[in-house]
Chemist: 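One structure coming up, written as structure tokens, with questions to follow.
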Amino acid sequence: MRNTLLIVLVGLLCQPHVARATHLIGGVLTYKCTGRNLIERKNKYVFTLKIYRDCYSGRAGFDDEAKLGIFTPDGSGGYNAYQEAFGIISIGSPYLSPIGPIRSINPPSYPCLTPPDTICVQEAVYEWQIWLPDTNISYHATYQRCCRNQGIANIVVNPTSTGATYTVEITADAQHVGNSSPTFNNFPPTVICAGELLQFDHAATDLDGDQLVYEFCRIFSGGDVTGVPNAPPYAPVPFVPPYDYSTPLGANGLTIHPNTGLLSGRPTVISRFVVGICVKEYRNGQLLSSTYRDFQFNLVPCRKELEAKVEADSVVNRVYRLNTCFGNPLLINNLSGLRRNIQNHFWKFDLRNGSLLEPSDWSPTLTFPDTGVYYGQLRLNPGTPCSDSMQMQIQVGGKLNPNWQAVYDTCSTNPVSFVGTMSNSRLQLKQIIWNYGDNKVDSGRLNTIHQYETAGIKKVSLKITDKIGCEGVSEKNLIWQPAPPILIVEPDAFVGCVPAKVRFNNRSTPIDSSYKIVWHFGDGDSLRQRDGEHFYKTAGTYSVQLQITSPIGCYKEQIFSNWIKVRPAPKANFIWKNDPIVSNFNPTVPFLDKSSADVLRWRWYFNRQNYDFVQNPIYTFRDTGLQRVQLVVANAYGCKDSITKNVYIEPLVTFFMPNAFTPNYDNQNDLFKGTGFWYGLKAYHLTIWNRWGEQVFESSDPNEGWNGLKNNTGAPAPEGRYLYDLQYITPKGAAVKNRDFLTLYR
């Protein structure tokens, strides 16, 4: 079993006793020879370990006790721990390393760029001091720890099991001369702005003045949660193709100068990358030591604080393309930012005629002398670290000046031919649009044909657009007011009876309200409007003439011969016999037809309920008062006439009062009441008084009589004479009053 020299630093406590730390992003181990004992052949070394962690990934802090192992080869390919120096040395307080506290590393300064503020890196420094014998074999000092961050793009990483090994070799030649390893001058960049030029001085300093050579090198895995280092050899971290240790950010990612250590490149892939950088120390051609720095590079999108740009129609390969039309001033809207970072700006435009235009305005307005393509440039803060520039291509569209002519017969309804022209036939057109002024459009051709459907003055426009969007419009009025080719009228025939009402509908096209329209109806009357009505009052056959004249004088007429046929109408009339008078006692009435001689058919209506078809009907009425009688007659042409008259049925009343009655309950003459026909009687009122002036009976119902009891319910009235008073109104409104005596017998 191998033994290990453990030198423990207690310090830099962030979160104590954490078992796993998925937060390591790099580290480097160096040594310095601070004393020599030539008699005992021993050298005093100070080992310095710098550990870098990501503040945001994982929760583990730096180790309370950092364990350093020193190993020597056993001569058979293996390694042994150096036994004489074995032990545990505690140095420093629980919170501070021997040379200072944990420090946060600021991101590098990029001119005019601002990296995101989500990157946080901290550094802790551990130191060990130990005397080691001057031997003819190498010492290997090693620190190992788990674990690396997740999301690393270029290596195969399982953060729970893949750690890091930071090691340095002190060769026999380095021991003999009391050599110290070189130390890197600068902290590696915590953030690299993707797509931007990186130039970082990764050089180291050697106290002995030895030759230093830089290269990308392998980095090693290893370590576990205990932090106890293992002996060499160490397995290299496997890279994911197309990445490897010599091209850790890809083929076009980064390069390092072997003599100066200058790290340069323009990497573009946004992710995390592990990079191993070695500095080898040579003296007189002999390799004395190799120092490894293992570090995680973070490629992120940075916000550009200074960028030359303008408002453009498109941007292709950072060339801003603007389009304008000839004769139109072009405002070049300067969108460069941030303004506070811009001290100077310079415009330059080539006008293609041997002269340059160099306006000083922030957003200049330019007018170009001709059509074609012009080039320009905007530079910001030239000659300073914070500068930028951009190129412009300005396309000036041509002079269009479209025009058109119409070819057509003004009085014909045939299609209209349109012929379009433009002043510059060399232009590449994008679009041709005709608007015919009737809510219809056409596109694609300079010459076209259009059929109008309605008359009028049409506002016709020809709009031409070239390939960069410049437009030209020609708009004029076209008068399209032809005469209709044929005249169409509804209805196309009419047969009716006097008086004949005919509705004339003019369906001729194209016409509108501006046309002059005259109707001649054949009976001497005329009408000046598009549609209308006419009454024919005399029987006969008539021809109709329609005349249409357009506003520009186009004329069309047509005669519709024998179109209207008006037939004579019969005359309805009748009388009835009313001798004696027609009354409820004599309700049967004979009717006598008195219509014109041409009548062939009769139809009688009595009170809209009963009807008859004979010429002279006899009808019995069922009610009194005014009774409606209508006669409808028709002649041989089917022409009809009607007449309505009212027959009055006299409502007669016959009402008689007796002069005595015998209320002895023998069912003979037991009641005193009137007799007769009183249908239609109104306001009936009967009262009866005895000789002492006392009222003994009262009723408003002619069907109710006096039964000889007081008010028909009290004590029997004595025999004798009584006075009655009777009042009523006849159906015709006459008031009747009758006062007389009656005699009551028992």
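Being a predicted model, the structure only gives us computed values, none of them experimental.
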Chemist: Any donor-acceptor pair under 3.5 Å linking the side-chain atoms of Asn573 with those of Lys645?
Modeler: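 Checked: Lys645/Asn573 side chains pair up, N/O donor to acceptor below 3.5 Å.
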Chemist: Can any side-chain N or O of Asn635 pair as donor or acceptor with the backbone N or O of Pro568 at less than 3.5 Å?
Modeler: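 Such a contact is found between Asn635 side chain and Pro568 backbone.
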Chemist: Quick check: do Asp409 and Asn414 have side-chain heavy atoms less than 4.5 Å from each other?
Modeler: no
Chemist: Between Arg601 and Phe613, is NZ or CZ placed under 6.0 angstrom from the six-membered ring centre and within 45° of the ring axis?
Modeler: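 So Arg601 doesn't make the cation-pi contact.
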Chemist: Looking only at non-hydrogen atoms, find the nearest pair between Ala455 and Asp512 and report the distance.
Modeler: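 For Ala455 and Asp512, the tightest heavy-atom pair comes out as O-OD2, 3.4 Å.
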Chemist: Judged by atom type as modelled, is there a donor-acceptor pair below 3.5 Å linking the side chain of Asp350 to the main-chain atoms of Tyr375?
Modeler: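 Checking the backbone N and O of Tyr375 against the side chain of Asp350, no donor-acceptor pair under 3.5 Å is found.
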Chemist: NZ of Lys459 to CG of Leu478: how many Å apart, nearest 0.5 Å?
Modeler: 13.0 Å
Chemist: side-chain contact (heavy atoms from CB on, under 4.5 Å), that's the test. Do Leu366 and Trp347 meet it? Break it down for me.
Modeler: CA-CA 12 Å; Leu366 308 178; Trp347 298 97; over 6 Å; no
Chemist: Looking at Ser461 and Ser474, would you say the former's side chain and the latter's main chain have a donor-acceptor pair under 3.5 Å?
Modeler: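 The answer is no, because no donor-acceptor pair under 3.5 Å joins these two groups.
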Chemist: Using modelled atom types and a 3.5 Å cut-off, is there a donor and acceptor pairing between side-chain atoms of Asp361 and backbone atoms of Ser363?
Modeler: no
Chemist: Please name the pair of heavy atoms, one in Ser543 and one in Ser561, separated by the smallest distance, quoted to 0.1 Å.
Modeler: OG-CA, 3.3 Å
Chemist: How many angstroms lie between atom NZ of Lys577 and atom CD1 of Ile618, to the nearest 0.5 angstrom?
Modeler: 8.5 Å
Chemist: Please check if the side chain of Asn435 supplies one atom and the backbone of Val460 the other of a donor-acceptor pair under 3.5 Å.
Modeler: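 Answer holds: no.
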Chemist: Do Phe591 and Phe606 have ring centroids that are under 6.0 Å from one another?
Modeler: yes
Chemist: Is it true that, when you exclude Arg352 itself, more than 12 heavy atoms of the residues, nucleotides or ligands shown sit nearer than 6.0 Å to its CZ?
Modeler: yes
Chemist: In the structure I gave you, are the side-chain heavy atoms of Ile511 and Arg530 within less than 4.5 Å of one another anywhere?
Modeler: yes
Chemist: Is there a donor-acceptor pair closer than 3.5 Å between any side-chain N or O of Trp604 and the backbone N or O of Val629?
Modeler: no
Chemist: Between Asp593 and Gln615, is there a donor-acceptor pair closer than 3.5 Å when you use the side chain of the first and the backbone of the second?
Modeler: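 Side chain of Asp593 to backbone of Gln615: no pair is present.
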Chemist: Taking atom CZ of Arg318 as the centre, does the number of heavy atoms from other residues, nucleotides or ligands within less than 6.0 Å exceed 12?
Modeler: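 Yes, CZ of Arg318 has more than 12 neighbouring heavy atoms, counting only those of other groups under 6.0 Å.
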Chemist: Taking atom NZ of Lys565 as the centre, report whether more than 12 heavy atoms of other residues, nucleotides or ligands fall under 6.0 Å from it.
Modeler: yes
Chemist: Taking C-beta and beyond as the side chain, do Gln558 and Ile548 meet within less than 4.5 Å on heavy atoms?
Modeler: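 Sidechains of Ile548 and Gln558: no contact.
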Chemist: Identify the two heavy atoms, one from Trp563 and one from Ala493, that lie closest to each other, and give their separation to 0.1 Å.
Modeler: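 Shortest heavy-atom separation between Trp563 and Ala493 comes out as NE1-N, 2.7 Å.
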Chemist: Of Leu335, Val315, Asp313, Ile394, which is the lone residue that meets side-chain contact (heavy atoms from CB on, under 4.5 Å) with Tyr320?
Modeler: Val315
Chemist: Using the rule given for side-chain contact (heavy atoms from CB on, under 4.5 Å), can you reason through Leu546 versus Ile517, listing the C-alpha separation, both sets of side-chain angles and the distance that settles it, and then say yes or no?
Modeler: CA-CA 7 Å; Leu546 176 61; Ile517 301 174; 3.7 Å; yes
Chemist: Looking only at the side chains, is there a donor atom on one of His534 and Asp523 sitting less than 3.5 Å from an acceptor on the other?
Modeler: yes
Chemist: For Tyr619, enumerate each residue passing the side-chain hydrogen bond (donor to acceptor under 3.5 Å, both in side chains) test, keeping only those at least two apart in sequence or located in another chain.
Modeler: Asn610
Chemist: For the CH2 atom of Trp362 and the CD1 atom of Ile332, what is their distance to the nearest 0.5 Å?
Modeler: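 The CD1 atom of Ile332 is 13.0 Å from CH2 of Trp362, to the nearest 0.5 Å.
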Chemist: Nearest 0.5 Å, what's the CG-OH distance between Asp612 and Tyr605?
Modeler: 11.5 Å
Chemist: Keeping the roles fixed (side chain from His345, backbone from Ser360), state whether a donor-acceptor pair exists under 3.5 Å.
Modeler: yes
Chemist: Please give me the minimum heavy-atom distance between Val498 and Ala539, naming the atom from each residue.
Modeler: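 Heavy atoms only, the tightest pair is CG2-N, 3.3 Å.
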Chemist: Inspect the surroundings of OH in Tyr611 and state if more than 12 heavy atoms from other residues, nucleotides or ligands are less than 6.0 Å away.
Modeler: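 No - once you tally the heavy atoms of other residues, nucleotides and ligands closer than 6.0 Å, there are 12 at most.
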Chemist: Take Glu453 and Asp438, measure what side-chain contact (heavy atoms from CB on, under 4.5 Å) needs, and give me the verdict at the end.
Modeler: CA-CA 9 Å; Glu453 298 177 358; Asp438 58 354; over 6 Å; no
Chemist: Please list, chain by chain and in numerical order, all residues satisfying side-chain hydrogen bond (donor to acceptor under 3.5 Å, both in side chains) with Gln481, sequence neighbours excluded.
Modeler: none
Chemist: Please state whether the rings of Phe418 and Trp434 are parallel, tilted or perpendicular, taking 30° and 60° as the class boundaries.
Modeler: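 Taking Trp434 first and then Phe418, their aromatic rings sit tilted (interplane angle of 30° to 60°).
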Chemist: Side chains of Asn403 and Lys476: is there a donor and an acceptor less than 3.5 Å apart?
Modeler: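 There is such a pair between these side chains.
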Chemist: Can you check side-chain contact (heavy atoms from CB on, under 4.5 Å) on Gln431 and Lys463, steps first, answer last?
Modeler: CA-CA 8 Å; Gln431 194 174 50; Lys463 180 179 177 181; 5.7 Å; no
Chemist: Under 6.0 Å between the ring centres of Trp480 and Tyr436?
Modeler: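 Judged by ring-centre distance (under 6.0 Å), Trp480 and Tyr436 do not meet the cut-off.
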Chemist: Can you name the one residue among Tyr536, Phe494, Phe521, Trp519 that meets ring-ring contact (aromatic ring centres under 6.0 Å, His included) with Tyr542?
Modeler: Tyr536
Chemist: Could you tell me whether the side chain of Ser583 and the main chain of Pro651 form a donor-acceptor pair under 3.5 Å?
Modeler: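 Checking the backbone N and O of Pro651 against the side chain of Ser583, no donor-acceptor pair under 3.5 Å is found.
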Chemist: Considering non-hydrogen atoms only, spot the tightest contact between Pro570 and Ser596 and give its length.
Modeler: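 So the two residues come closest at CA-OG, 3.6 Å.
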Chemist: Of Asn447, Leu446, Thr448, which is the lone residue that meets side-chain contact (heavy atoms from CB on, under 4.5 Å) with Ile432?
Modeler: Leu446
Chemist: To the nearest 0.5 Å, tell me how far Thr365 OG1 sits from Leu330 CG.
Modeler: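 Reported value, rounded in 0.5 Å steps: 7.5 Å.
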Chemist: Quick check: are there more than 12 heavy atoms from other residues, nucleotides or ligands sitting under 6.0 Å from CD1 of Ile479?
Modeler: no
Chemist: Do the side-chain N and O atoms of Gln627 and Asn607 include a donor-acceptor pair separated by under 3.5 angstrom?
Modeler: yes
Chemist: Under the salt bridge (charged side-chain N to carboxylate O under 4.0 Å, His left out) definition, can you give me all pairs with a residue in residues 490-502, not counting sequence neighbours?
Modeler: Glu490-Arg507, Lys501-Glu533
Chemist: Please examine the side chains of Ile449 and Ser417, heavy atoms only from C-beta on, and report whether any two atoms are closer than 4.5 Å.
Modeler: yes
Chemist: Taking all non-hydrogen atoms of both residues into account, name the closest pair between Thr367 and Pro329 and its distance.
Modeler: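 Result for this residue pair: OG1-CA, 3.7 Å.
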Chemist: Measuring from Ile342:CD1 to Asn334:CG, what's the distance to the nearest 0.5 Å?
Modeler: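 Rounded to the nearest 0.5 Å, the CD1-CG separation comes to 6.5 Å.
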Chemist: Look at atom CG of Asn252 and say whether more than 12 heavy atoms of other residues, nucleotides or ligands are closer to it than 6.0 Å.
Modeler: no
Chemist: As a test of understanding, state which of Arg528, Glu557, Lys516 forms a side-chain contact (heavy atoms from CB on, under 4.5 Å) with Gln547.
Modeler: Glu557
Chemist: Flag yes if more than 12 heavy atoms outside Tyr408 fall under 6.0 Å of its OH atom; otherwise flag no.
Modeler: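 Correct, the count exceeds 12.
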Chemist: When you measure from the side chain of Asn317 to the backbone of Val319, do you find a donor-acceptor pair of N or O atoms at a distance under 3.5 Å?
Modeler: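 A pair under 3.5 Å: no.
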Chemist: Is the ring pair Phe349/Phe368 parallel, tilted or perpendicular, if the boundaries are 30 and 60 degrees?
Modeler: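 Phe349 vs Phe368 ring planes: perpendicular.
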